[in-house]
Engineer: 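Just passing along the structure, written as structure tokens.
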2 protein chains.
Amino acid sequence: MPAAQRREQILAEASKVFGERGYAGATTDQVAQAAGISQPYVVRLFGTKEKLFLEVIERAQNKLAARFRGVIAETSADDGQAGLARRLGFAYVDLIEDRGILLALMQAFITGHDPAIGPRARAGFLATYHILRDEAGFSPDEVREFLAAGMLFNTLLALRLPDVFDDDEAARELMECTFSTKLDLVLGVSGSP
Amino acid sequence: MPAAQRREQILAEASKVFGERGYAGATTDQVAQAAGISQPYVVRLFGTKEKLFLEVIERAQNKLAARFRGVIAETSADDGQAGLARRLGFAYVDLIEDRGILLALMQAFITGHDPAIGPRARAGFLATYHILRDEAGFSPDEVREFLAAGMLFNTLLALRLPDVFDDDEAARELMECTFSTKLDLVLGVSGSP
DNA sequence: GTCTATACGGCGATAGAC
DNA sequence: GTCTATCGCCGTATAGAC
């Protein structure tokens with residue numbers, strides 16, 4: 001397999017592994033096994049575990065930015081801000097059907113203390129802020145509301161709340177209330193394979 | 001030092017260490033050093049690293065629940081739901097002046113996949129939901145909005161956004177817009193010691 | 001109640017062959 | 001482009017003394 005393709009495949013698998021276990025909890029061998037190659041080869045291709053993690057984060061942030069820009073570009077002005085927010089919300093849910101991406105983003109947030117990873121995590125988050133405010137034309141308050149909804153969304157999925165969806169009345173109510181029309185998408189994301 | 005007091009001291013230090021590094025990234029030796037005792041003694045007192053982490057989470061969740069119940073109890077009915085929400089928001093900000101508590105809660109969220117930790121993390125989150133809905137009397141939508149604001153709050157602090165407060169116009173704007181009147185509290189939380 | 005010494009396993013990274 | 005073998009460190013947990 002050509003190196004470029006192999007790198008992308010490894011990054012995709014690494015997103016899942018890092019997402020599940022966190023930066024420290026994940027091992028390069030788990031990534032290697034997920035990709036069907038040997039552990040030293042993973043290290044060979046990316047230098048160190050930390051560099052691999054940074055590339056995973058960067059990839060996730062780039063995909064998010066590209067998706068948002070795509071939605072903004074193809075939404076006509078007469079949909080209004082509310083319509084645009086709605087489309088962006090759907091795009092976000094759809095994006096993290098690749099579950100590795102959501103979890104990579106979240107892991108970046110909570111690794112904010114790290115001297116190497118923290119700055120990049122902040123830069124990515126602020127980049128999203130700028131896209132929403134400067135390119136989508138949201139007011140600061142609209143951006144805040146949009147981001148807050150996204151963070152709750154992230155948390156509920158990270159907690160695996162859909163796993164107890166059937167057993168717990170409160171969990172079901174909170175999920176339905178949070179995702180409303182997006183619910184079928186969400187259940188598709190985290191339902192059994 | 002009596003065992004009970006020692007345990008509480010270790011739990012407080014462990015909250016900070018686990019909060020900074022995550023469950024996998026933190027070591028029992030770091031906890032021991034923070035508490036000024038030997039690593040084997042930490043293990044001796046709590047059995048395993050996992051059990052220590054579970055106690056850290058439980059302690060944080062209990063403190064949160066106790067704080068919210070206290071606010072609900074001492075708020076008179078004629079403050080209205082908006083007034084109660086405001087008080088609860090302030091209480092939350094104040095609670096995580098003990099920074100270890102906030103980070104322990106967040107770490108619990110993203111360790112949701114873990115067979116031992118996940119169930120407890122979900123239980124704690126749903127307990128908060130029940131307090132807000134059944135004891136504070138919020139509607140599901142009000143609870144959702146309250147929780148979403150809290151999750152954004154968590155994320156901004158985890159990212160250490162206040163650290164770049166002075167250098168980045170967007171970071172400043174987002175922080176001000178998110179915390180508004182709570183801002184002085186927040187800056188007190190993460191400012192230099 | 002707390003320590004020192006240490007066994008044991010696991011992980012990141014390197015060396016070097018094919 | 002990819003592997004096997006392996007080194008050396010580090011972290012959890014145990015044993016046992018004081």
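Sequence lines set the chain letters: A, B, ... in the order given, protein chains first and strands last, and positions in each chain run from 1.
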Engineer: Between B/Arg160 (side chain only) and A/Gly118 (backbone N and O only), is there a donor and an acceptor less than 3.5 Å apart?
Structural biologist: no

Engineer: Assign the ring pair B/Phe153 / B/Phe179 to parallel, tilted or perpendicular, where the plane angle (0 to 90°) is split at 30° and 60°.
Structural biologist: perpendicular

Engineer: Which residues in residues 43-52 of chain A have at least one heavy atom lying under 4.0 Å from any atom of DNA chain C?
Structural biologist: A/Arg44, A/Thr48, A/Lys49

Engineer: Are any of the side-chain heavy atoms of A/Leu157 and A/Leu161 separated by less than 4.5 Å?
Structural biologist: no

Engineer: To the nearest Å, how far apart are B/Met1 CE and C/dT2 C1'?
Structural biologist: 12 Å

Engineer: Give me the atom names and distance for the closest heavy-atom approach of B/Ala24 to A/Gly25.
Structural biologist: CB-CA, 3.3 Å

Engineer: Ignoring hydrogens and angles, tell me if any N or O in the side chain of A/Glu20 forms a donor-acceptor pair with the backbone of A/Val17 under 3.5 Å.
Structural biologist: no

Engineer: In terms of side-chain heavy atoms of B/Pro40, which of C/dT14, D/dT2, D/dA13 is nearest?
Structural biologist: D/dA13

Engineer: Got a donor-acceptor contact below 3.5 angstrom from the A/Arg133 side chain to the A/Val143 backbone?
Structural biologist: no

Engineer: Using a heavy-atom distance cut-off of less than 4.0 Å, which residues of residues 2-36 of chain A contact DNA chain D?
Structural biologist: A/Ala3, A/Arg6

Engineer: What is the distance, rounded to the nearest whole Å, between atom CD of A/Gln39 and atom C1' of C/dT14?
Structural biologist: 10 Å

Engineer: Would you say B/Gln9's side chain and B/Ala35's backbone share a donor-acceptor pair under 3.5 angstrom?
Structural biologist: yes

Engineer: Can you check the A/Ile37 CD1 to D/dT2 P distance for me, whole Å?
Structural biologist: 7 Å

Engineer: With under 30° as parallel and over 60° as perpendicular, where do the rings of B/Phe146 and B/Phe68 fit, or are they tilted in between?
Structural biologist: perpendicular

